[in-house]
Amino acid sequence: MKSLSAVEDYVRNLLLTNLGSNYTFHNLFHTTQVVEKAMELASEEKMGSIEVEVLLFAAWFHDTGYICGSRNHEETSCAIAAEFLSRLKAD
């Protein structure tokens with residue numbers, strides 16, 4: 001899961017360098033908690049490796065849109081994920 005490591009590195013850096021300090025809940029700590037819970041869920045549900053990778057990608061990117069503000073952050077998160085994943089696929 002080399003690409004999962006790239007996603008984690010990218011999102012960690014993105015949130016640490018671009019997220020406003022006013023976000024005391026939707027921050028890197030919250031994101032890592034969501035990823036941990038997603039891994040627990042994947043294990044309990046005995047998900048396959050592709051499904052686990054998709055779930056963890058979504059967990060990492062789910063609140064990245066907050067770097068642009070809270071309004072429409074879900075759509076922004078999707079756009080950030082799509083742009084990054086298209087670059088990852090191109091590499």
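- Grouping the Ile, Leu, Val, Met, Phe, Trp and Tyr side chains by contacts below 4.5 angstrom, directly or via other members, places Met39 with Leu28.
- Atoms OG1 and CD1, on Thr17 and Ile67 in that order, are 8.0 Å from each other to the nearest 0.5 Å.
- Tyr23 and Gly69 make their closest contact through OH-CA, 3.3 Å (heavy atoms, listed as atom of the first residue, atom of the second, distance).
- Of the possible donor and acceptor atoms, one in the side chain of Asn27 sits under 3.5 Å from a partner among the backbone N and O of Thr24.
- Side-chain heavy atoms closer than 4.5 Å link hydrophobic residues (I, L, V, M, F, W, Y) into clusters, and following such links, possibly through other members, connects Ile80 to Leu85.
- Aromatic ring orientation, His26 versus Tyr66: parallel (interplanar angle below 30°, classes split at 30° and 60°).
- Closest approach of His62 to Ser77, counting heavy atoms only: O-OG, 3.2 Å.
- In this structure, Leu4 CG and Ser49 OG are separated by 11.5 Å, a value rounded to the nearest 0.5 Å.
- Test Val7, Leu14, Asn13 against Tyr10 for side-chain contact (heavy atoms from CB on, under 4.5 Å) and you get one pass: Leu14.
- Taking all atoms of both residues into account, the shortest heavy-atom contact from Val11 to Thr31 is CG1-CG2, 4.5 Å.
- In this structure, Leu55 CG and Lys37 NZ are separated by 13.5 Å, a value rounded to the nearest 0.5 Å.
- One N or O on the side chain of Thr32 and one on the backbone of Phe29 form a donor-acceptor pair closer than 3.5 Å.
- For His30 against Phe25, the heavy-atom pair with the smallest separation is CB-O, 2.8 Å.
- Rounding to the nearest 0.5 Å gives a distance of 8.0 Å between CD of Glu74 and CG of Asp63.
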